[in-house]
Amino acid sequence: MQPIVENPSVDLLVTAVQELSLARDLETVMRIVRTAARKLTGADGATFVLRDGDLCFYADEDAISPLWKGSRFPLHTCISGWAMVNRQAVAIEDIYNDPRVPVEAYRPTFVKSLAMVPIRTQEPMGAIGNYWATRHMPNAAEMKLLQSLADITAVTLENIELYRSLEARVQERTSQLEAANKELEAFSYSVSHDLRAPLRSIDGYLHILLENHLDGMSETGKGLAQRVMANAKHMNQLIDDLLAFFRMGQKPLIKTTVPVNDLVRAACKAAQEAENPSRDIAFTIQMLPPIQADAALLQQVWVNLISNAVKYTRRREKTLIEIGFYEEGGDIIYYIKDNGVGFNMDYAHKLFGVFQRLHSPREFEGTGIGLSIVQRIITKHGGSIRAQAEEGNGATFYIALPKT
């Protein structure tokens with residue numbers, strides 16, 4: 001077995017890579033890179049240069065004495081610009097004997113030798129420079145380490161730009177959502193006040209008409225007035241349901257352990273009591289497990305589904321409603337099955353849409369919002385709802401909720 005040979009330079013590079021993988025801003029990247037660049041080659045100074053159009057911006061440095069931090073130079077007059085324009089690394093043992101180096105800029109500094117590598121070879125975005133106070137010719141291994149650091153830096157800077165773009169999108173979407181919520185609040189106010197006012201007037205005048213002028217009305221007139229009153233009542237219910245649907249998205253979840261079995265049995269009892277006492281309704285309810293959920297919202301789900309099952313089985317001589325559950329993966333699947341009129345599965349995609357109805361109001365009353373509210377509540381809990389049915393042979397609704 002070959003002994004493991006430690007390489008301090010590789011260890012330094014690995015450490016820099018690990019630190020850069022966690023960096024989320026330019027300042028952090030420059031701090032990591034300038035420190036690593038000096039240590040990797042034993043240099044007396046290191047600079048982090050960014051391309052700024054036709055200029056080289058010396059954004060940061062780590063050196064034994066000041067270099068050019070904060071300065072900008074034309075791209076064609078400095079060695080970092082040369083590395084970026086030519087998209088290749090350069091090593092210079094004697095800066096005073098190389099025409100590419102602007103020596104006047106270097107005279108006030110300690111620099112005698114340097115190495116410069118571009119950050120990204122395709123369309124370089126900057127460069128990393130190393131400097132020595134004594135004559136030194138960087139070898140191939142040192143240049144390879146420095147270029148590897150520059151390549152990793154390029155990936156990091158691209159990732160940071162991506163993070164910034166994503167954050168900007170999130171902030172934009174958040175602002176749009178906040179604006180939409182404000183519009184929704186204004187709309188809810190308008191619905192609850194502006195639309196209800198004329199509705200109350202219609203209802204009030206109809207009551208006066210039917211109470212005080214009933215004797216002078218024909219049977220046709222009485223029938224028309226009663227139909228108008230019924231439509232006004234339906235409109236009022238529609239407004240209530242619409243407001244409930246809009247407000248559902250704004251209400252925060254308050255999760256507790258909900259005893260689903262007790263909740264379902266109470267909803268079944270209430271639904272049966274609200275019906276004609278002569279109706280033969282048979283509920284079959286399994287021992288349902290509890291779930292972590294918002295109790296008030298989950299109660300609304302079951303009240304809606306059970307009342308729907310009772311409503312759409314009215315034509316049956318004997319109503320059969322079965323409520324049970326099974327587990328699948330990490331979910332508890334609750335279901336409610338009835339022997340009612342069912343529906344055509346070709347139109348199942350409309351089932352949970354606002355104002356979408358698969359049966360006419362003449363057959364069954366309702367506003368077409370109840371199942372939309374149910375779906376919104378279940379989705380808010382991280383679950384899903386679906387239905388399976390056949391015309392004339394009942395329907396089954398399945399609610400999937402995470403166990404934890």
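We number each residue from 1, following the sequence as shown. These numbers come from the heavy atoms of this one structure, side chains and all, not from hydrogens, waters or symmetry mates.
The environment of I254 atom CD1 is sparse: at most 12 non-hydrogen atoms of other residues, nucleotides or ligands sit within 6.0 angstrom. More than 12 heavy atoms of other residues, nucleotides or ligands shown are found within 6.0 angstrom of CG on N139.
Here the straight-line distance linking atom CD1 of I399 with atom CZ of R386 works out to 11.5 Å at 0.5 Å rounding. With rounding to the nearest 0.5 Å, the separation of CG in L149 from CG in L13 is 6.5 Å. In this structure, I373 CD1 and Q375 CD are separated by 11.5 Å, a value rounded to the nearest 0.5 Å. Expressed to the nearest 0.5 Å, how far SG of C56 lies from CZ of R72 amounts to 11.0 Å. Annotation: the span from L114 atom CG to R100 atom CZ amounts to 9.0 Å, rounded to 0.5 Å. Atom-to-atom distance recorded for D94:CG and M137:CE is 11.0 Å, nearest 0.5 angstrom.
Of the possible donor and acceptor atoms, one in the side chain of R316 sits under 3.5 Å from a partner among the backbone N and O of N339. A donor-acceptor pair under 3.5 Å is absent between the side-chain atoms of D44 and the main chain of I64, judged by distance alone.
A pairwise comparison of heavy atoms in A387 and F343 identifies CB-CZ, 4.0 Å as the closest pair. The heavy-atom pair separating E142 from T41 by the smallest distance is OE2-O, 3.6 Å. Summarising the geometry of R87 relative to Q122, their closest heavy-atom pair is NH1-OE1, 3.6 Å, with the distance given to 0.1 Å. A pairwise comparison of heavy atoms in L298 and A293 identifies CD2-CB, 4.1 Å as the closest pair. Taking every heavy atom of both residues into account, P118 and A83 meet most closely at CB-O, 3.8 Å. Across I119 and A150, no two heavy atoms sit closer than the pair CG2-O, 3.7 Å.
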**Request:** Under the side chain to side chain contact (heavy atoms under 4.5 Å, CB included) rule, what do F110 and L67 come out as? Steps first, then yes or no, please.
**Result:** CA-CA 9 Å; F110 64 85; L67 292 169; 3.7 Å; yes

**Message:** What verdict does the side-chain hydrogen bond (donor to acceptor under 3.5 Å, both in side chains) test give for T257 and Q292, after you've listed the backbone C-alpha separation in whole Å, the side-chain angles of each residue and the deciding distance to 0.1 Å?
**Reply:** CA-CA 5 Å; T257 301; Q292 284 289 315; 2.4 Å; yes

**Message:** Run the side chain to side chain contact (heavy atoms under 4.5 Å, CB included) test on S71 and F73 for me, step by step, so that the C-alpha distance in whole Å, both residues' side-chain angles and the decisive distance to 0.1 Å come before the verdict.
**Reply:** CA-CA 7 Å; S71 300; F73 302 101; 3.7 Å; yes

**Request:** Could you please spell out the steps behind the side-chain hydrogen bond (donor to acceptor under 3.5 Å, both in side chains) verdict for D151 and Q147?
**Result:** CA-CA 6 Å; D151 294 342; Q147 187 61 67; 3.1 Å; yes

**Message:** Applying salt bridge (Lys or Arg N to Asp or Glu O under 4.0 Å) to R31 and D60, what does each step give before you reach the verdict?
**Reply:** CA-CA 8 Å; R31 175 181 53 77; D60 206 354; over 6 Å; no

**side chain to side chain contact (heavy atoms under 4.5 Å, CB included) between V258 and L263, worked out** = CA-CA 8 Å; V258 180; L263 189 151; 3.8 Å; yes

**Item:** Candidate pair R164 and E167, rule salt bridge (Lys or Arg N to Asp or Glu O under 4.0 Å), full reasoning
**Value:** CA-CA 5 Å; R164 286 179 177 173; E167 286 176 359; over 6 Å; no

**Item:** Evaluation steps, side chain to side chain contact (heavy atoms under 4.5 Å, CB included), between W302 and V260
**Value:** CA-CA 9 Å; W302 280 110; V260 178; 3.8 Å; yes

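Residues satisfying the salt bridge (charged side-chain N to carboxylate O under 4.0 Å, His left out) test with K255, not counting sequence neighbours, are none. Judged as a salt bridge (charged side-chain N to carboxylate O under 4.0 Å, His left out), and not counting sequence neighbours, R173 has no contacts. Every residue was checked against the salt bridge (charged side-chain N to carboxylate O under 4.0 Å, His left out) condition with D262, not counting sequence neighbours, and none meets it.
Of the charged side-chain nitrogens involved, none lies within less than 4.0 Å of a carboxylate oxygen, so that R169 and E172 do not count as a salt-bridged pair. Look at K112 and E93 and you find no salt bridge, because none of the NZ, NE, NH1 or NH2 atoms lies under 4.0 Å from a carboxylate O.
Judged as a ring-ring contact (aromatic ring centres under 6.0 Å, His included), the pairs with a partner in residues 121-141 (not counting sequence neighbours) are, in order, W68-Y131, W132-H136.
Residues I378 and V301 meet the side-chain proximity criterion, which asks for heavy atoms closer than 4.5 Å. Using a 4.5 Å heavy-atom cutoff, the side chains of V310 and F283 are in contact. At a threshold of 4.5 Å between non-hydrogen side-chain atoms, the residues R51 and L75 count as touching.
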Report, one line per pair, each donor and acceptor closer than 3.5 Å where one atom sits in a side chain of residues 321-333; sequence neighbours left out.
{"residue": "E322", "atom": "OE2", "partner": "Y335", "partner atom": "OH", "Å": "2.9"}
{"residue": "E327", "atom": "OE1", "partner": "K403", "partner atom": "NZ", "Å": "3.0"}

Can you list, pair by pair, the side-chain donor-acceptor contacts under 3.5 Å of residues 15-30, counting residues two or more places apart and other chains?
{"residue": "T15", "atom": "OG1", "partner": "D11", "partner atom": "O", "Å": "2.9"}
{"residue": "S21", "atom": "OG", "partner": "Q18", "partner atom": "O", "Å": "2.6"}
{"residue": "R24", "atom": "NH1", "partner": "S21", "partner atom": "O", "Å": "3.3"}
{"residue": "R24", "atom": "NH2", "partner": "Y163", "partner atom": "OH", "Å": "3.4"}
{"residue": "D25", "atom": "OD1", "partner": "E27", "partner atom": "N", "Å": "3.3"}
{"residue": "D25", "atom": "OD1", "partner": "T28", "partner atom": "N", "Å": "2.8"}
{"residue": "D25", "atom": "OD1", "partner": "T28", "partner atom": "OG1", "Å": "2.8"}
{"residue": "D25", "atom": "OD2", "partner": "T28", "partner atom": "OG1", "Å": "3.2"}

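When each of Q272, R279, E275 is paired with T319, the side chain to side chain donor-acceptor pair (under 3.5 Å) condition holds for R279 and for no other.
Taking the six-membered ring for Trp, F48 and Y58 have ring centres at least 6.0 Å apart.
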